[in-house]
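The next block holds one structure in the form of structure tokens; read it before the comments.
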Amino acid sequence: MTKKIAIIGANGQVGSEVCLFLREFDDVEPIAISRTEVGAAFLRACGITPRIGDISKPEDAARLLADADLVADFSLPGGSS
């Protein structure tokens, strides 16, 4: 059974590397989540189909994460670092 792992912040350096790493496993499907089409361009070029939306909006979150078995958040939290 394939496990689906949602990667929030998939268009960032760490998130994109995690997506590329996870797709090497036969029983894992990375779900790359990006806020914009432009941000997801690299993932798409690498053969990963991204999901576009804003996880902070409840209607987007439900759609983006509906079938995920696990969620990993690599996004930058709001506010100053």
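All values below were derived from every heavy atom in this structure, side-chain atoms included, with hydrogens, water molecules and symmetry-related copies excluded. Bear in mind the structure is a predicted one, so any value in this text is a computation, not a measurement.
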Taking atom [atom1] of [X] and atom [atom2] of [Y], what is their separation to the nearest 0.5 Å?
{"X": "I7", "Y": "S34", "atom1": "CD1", "atom2": "OG", "value": "13.0 Å"}
{"X": "L22", "Y": "I5", "atom1": "CG", "atom2": "CD1", "value": "5.0 Å"}
{"X": "F74", "Y": "I8", "atom1": "CZ", "atom2": "CD1", "value": "10.0 Å"}
{"X": "I33", "Y": "C19", "atom1": "CD1", "atom2": "SG", "value": "9.0 Å"}
{"X": "I55", "Y": "D60", "atom1": "CD1", "atom2": "CG", "value": "7.5 Å"}

Verify same cluster id: I52, L64 (apolar side-chain graph, 4.5 Å): no
Hydrophobic cluster identity match, V71 and F25, side-chain contacts under 4.5 Å: no
Over all heavy atoms of both residues, which pair between [X] and [Y] is shortest? Give the atoms and the distance, please.
{"X": "L43", "Y": "A10", "answer": "CD1-O, 3.6 Å"}
{"X": "S56", "Y": "D54", "answer": "OG-OD1, 2.7 Å"}
{"X": "A6", "Y": "L65", "answer": "CB-CD2, 3.7 Å"}
{"X": "I48", "Y": "A32", "answer": "CG2-CB, 3.9 Å"}
{"X": "R63", "Y": "G53", "answer": "NH2-CA, 3.9 Å"}

More than 12 non-hydrogen atoms from neighbouring residues, nucleotides or ligands closer than 6.0 Å to [atom1] on [X], yes or no?
{"X": "E24", "atom1": "CD", "value": "yes"}
{"X": "R35", "atom1": "CZ", "value": "no"}
{"X": "D27", "atom1": "CG", "value": "yes"}

Expected output: side-chain D69 to main-chain K4 donor-acceptor under 3.5 Å: yes
L20 vs C46, side chain to side chain contact (heavy atoms under 4.5 Å, CB included): CA-CA, chis, key distance, verdict: CA-CA 8 Å; L20 293 171; C46 291; 3.8 Å; yes
NZ/NE/NH1/NH2 to OD/OE distance under 4.0 Å, E37 and R44: yes
Derivation and outcome, salt bridge (Lys or Arg N to Asp or Glu O under 4.0 Å), residues D67 and R51: CA-CA 12 Å; D67 59 342; R51 294 184 185 178; 2.9 Å; yes
